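Have a look at the structure below, then the notes.
Each residue takes its place number in the sequence, starting with 1. Bear in mind the structure is a predicted one, so any value in this text is a computation, not a measurement.
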Amino acid sequence: MLSLQLFSANPKPTLLDSPLNPLLYPKCLKPPKPYSKSKPAPISSVLQWNRKPELAGETPRVVVITSGKGGVGKTTTTANVGLSLARLGFSVVAIDADVGLRNLDLLLGLENRVNYTVVEVLNGDCRLDQALVRDKRWSNFELLCISKPRSKLPIGFGGKALVWLVDALKAREEGSPDFILIDCPAGIDAGFITAITPANEAVLVTTPDITSLRDADRVTGLLECDGIRDIKMIVNRVRTDMIKGEDMMSVLDVQEMLGLALLGVIPEDSEVIRSTNRGYPLVLNKPPTLAGLAFEQAAWRLVEQDSMKAVMVEEEPKKRGFFSFFGG
């Protein structure tokens with residue numbers, strides 16, 4: 001997925017463009033001598049994606065991000081994967097379906113800009129485009145909250161209302177988004193049923209502990225009963241040192257227990273707390289952190305409906321690349 005490209009410090013042609021490039025000549029032939037004896041300009045290497053991911057499936061793709069257990073990183077995953085998709089050039093609408101404990105706007109730093117919600121749209125107090133909050137950093141990313149904190153939802157609000165909302169996003173004059181991400185509340189009560197109703201694929205976030213895995217297994221069964229067959233999982237807060245010490249289950253063990261395709265592995269990162277308090281997602285950090293890079297690669301796989309393969313930590317090769325931890 002990654003390619004190492006060379007860029008020159010000056011605007012002149014780089015070494016790859018010059019006749020000195022050894023890749024342009026067979027080993028039996030020598031490249032021609034340069035006309036000038038001056039030293040070449042210093043060359044700096046930059047890692048970049050060698051291509052743009054190809055969007056698979058019919059658009060818009062409605063993805064619910066769920067777990068069953070609270071505190072495993074659903075909202076963090078929604079914020080970082082959503083902004084990663086926007087940075088890849090896709091239009092994204094993130095819906096915070098957690099009615100009572102709304103937090104997605106805080107992680108995105110948009111809490112002061114949420115003036116209208118879905119409740120006002122349903123009551124006829126505003127239009128849908130007025131309730132959508134556009135991110136100033138990436139204009140193709142929008143946030144939509146169902147209700148304000150400490151507010152009461154209408155009695156009739158449920159799965160049908162959320163389906164109407166998704167259909168309204170599809171029928172917008174400016175065009176439907178490429179992705180509609182639904183941040184699902186914790187638990188398997190009415191809020192969970194409402195959030196998964198319009199979705200056609202799911203991302204299950206779990207951590208390598210037995211309580212989270214039990215809830216994830218229960219949620220997987222409920223998703224399949226609702227007709228959602230495209231389910232991938234993200235294993236969050238992985239610590240390789242504890243896995244080597246046999247104090248934590250490995251990603252391979254988690255995958256064998258749940259039997260789901262693996263979308264991404266997110267390592268434990270203290271920068272998550274800092275980014276949450278600042279309202280600045282990890283994927284926007286410069287330089288990027290390991291967790292931020294893992295979220296970006298998970299978003300890349302989500303676009304192409306791809307998955308990664310888990311390996312045992314004890315069987316890791318002697319020479320490992322920088323991105324081998326993430327399956328790249």
Side-chain angles (χ1 to χ4, degrees), residues 58-66 70 74-75 78-79 81-83 85-86 90-203 222-223 226-228 279 281:
E58 298 181 357
T59 57
R61 289 173 54 185
V62 185
V63 184
V64 60
I65 299 178
T66 182
K74 293 185 300 296
T75 305
T78 305
V81 171
L83 276 178
L85 293 173
F90 302 101
S91 57
V92 182
V93 173
I95 301 177
D96 193 341
D98 196 340
V99 178
L101 303 174
R102 193 185 80 191
N103 290 320
L104 184 57
D105 55 335
L106 291 174
L107 268 68
L108 294 169
L110 302 175
E111 66 277 5
N112 295 327
R113 297 181 55 198
V114 180
N115 297 321
Y116 298 105
T117 63
V118 176
V119 173
E120 281 81 13
V121 176
L122 295 176
N123 293 334
D125 298 330
C126 69
R127 302 186 308 272
L128 178 60
D129 58 341
Q130 292 177 313
L132 288 166
V133 180
R134 192 180 300 273
D135 196 307
K136 294 181 179 179
R137 297 162 294 196
W138 297 93
S139 59
N140 52 344
F141 181 88
E142 295 173 297
L143 171 67
L144 182 61
C145 299
I146 290 184
S147 68
K148 296 180 180 179
R150 301 181 182 179
S151 64
K152 295 182 179 179
L153 275 178
I155 298 178
F157 187 86
K160 292 184 178 179
L162 196 56
V163 169
W164 172 87
L165 181 63
V166 171
D167 291 339
L169 291 172
K170 295 179 182 179
R172 289 194 304 175
E173 294 181 357
E174 57 270 27
S176 63
D178 297 318
F179 286 90
I180 299 177
L181 303 182
I182 302 176
D183 184 16
C184 183
I188 54 174
D189 53 1
F192 169 80
I193 301 300
T194 299
I196 69 173
T197 300
N200 46 38
E201 54 185 299
V203 174
L222 294 176
L223 291 172
D226 197 65
I228 302 176

Looking only at heavy atoms, which two atoms of Gly82 and Leu181 are closest? And how far apart? CA-CD1, 3.6 Å

Can you give me the closest heavy-atom contact between Pro281 and Gly279, atom names plus distance? CD-O, 3.9 Å

Any chance CZ of Phe90 has more than 12 other-residue heavy atoms, nucleotides or ligands included, within less than 6.0 Å? yes

Are the side chain of [X] and the backbone N or O of [Y] linked by a donor-acceptor pair below 3.5 Å?
X: Ser91; Y: Asp178; value: yes
X: Arg134; Y: Ser139; value: yes
X: Lys148; Y: Asn115; value: yes

Any side-chain heavy-atom pair from [X] and [Y] closer than 4.5 angstrom?
X: Ile180; Y: Ile95; answer: yes
X: Leu222; Y: Phe192; answer: yes
X: Val92; Y: Pro177; answer: no
X: Asp183; Y: Lys74; answer: yes
X: Ser147; Y: Val118; answer: no
X: Leu101; Y: Pro185; answer: no
X: Thr75; Y: Ile65; answer: no
X: Leu144; Y: Leu165; answer: yes

Looking at [options], which hits side-chain contact (heavy atoms from CB on, under 4.5 Å) with [X]?
X: Thr66; options: Ile228, Leu223, Val203, Ile188; result: Leu223
X: Leu132; options: Leu169, Val121, Leu143; result: Leu169
X: Phe179; options: Leu85, Val81, Thr59, Val62; result: Leu85

side-chain hydrogen bond (donor to acceptor under 3.5 Å, both in side chains) against Thr197, all qualifying residues, sequence neighbours excluded: none

With sequence neighbours excluded, residues passing side-chain hydrogen bond (donor to acceptor under 3.5 Å, both in side chains) with Asn200: none

Look up atom [atom1] in [X] and atom [atom2] in [Y], then write down how far apart they are to the nearest 0.5 Å.
X: Ser176; Y: Asp167; atom1: OG; atom2: CG; result: 11.0 Å
X: Arg172; Y: Leu128; atom1: CZ; atom2: CG; result: 7.0 Å
X: Asp98; Y: Thr194; atom1: CG; atom2: OG1; result: 11.5 Å
X: Leu108; Y: Asp96; atom1: CG; atom2: CG; result: 9.0 Å

I'd like to check the side-chain contact (heavy atoms from CB on, under 4.5 Å) partners of Pro198; sequence neighbours left out, ordered by chain and number. Leu162, Val163, Val166, Ile182

Sequence neighbours excluded, which residues qualify as salt bridge (Lys or Arg N to Asp or Glu O under 4.0 Å) partners of Asp135? Arg137

Identify, with sequence neighbours excluded, every residue that meets salt bridge (Lys or Arg N to Asp or Glu O under 4.0 Å) alongside Glu58. none

Any pair counted as salt bridge (charged side-chain N to carboxylate O under 4.0 Å, His left out), so long as it reaches residues 100-124, sequence neighbours left out: Arg102-Asp105

Could you go through the side-chain contact (heavy atoms from CB on, under 4.5 Å) check for Phe141 and Val93 one step at a time? CA-CA 6 Å; Phe141 181 88; Val93 173; over 6 Å; no

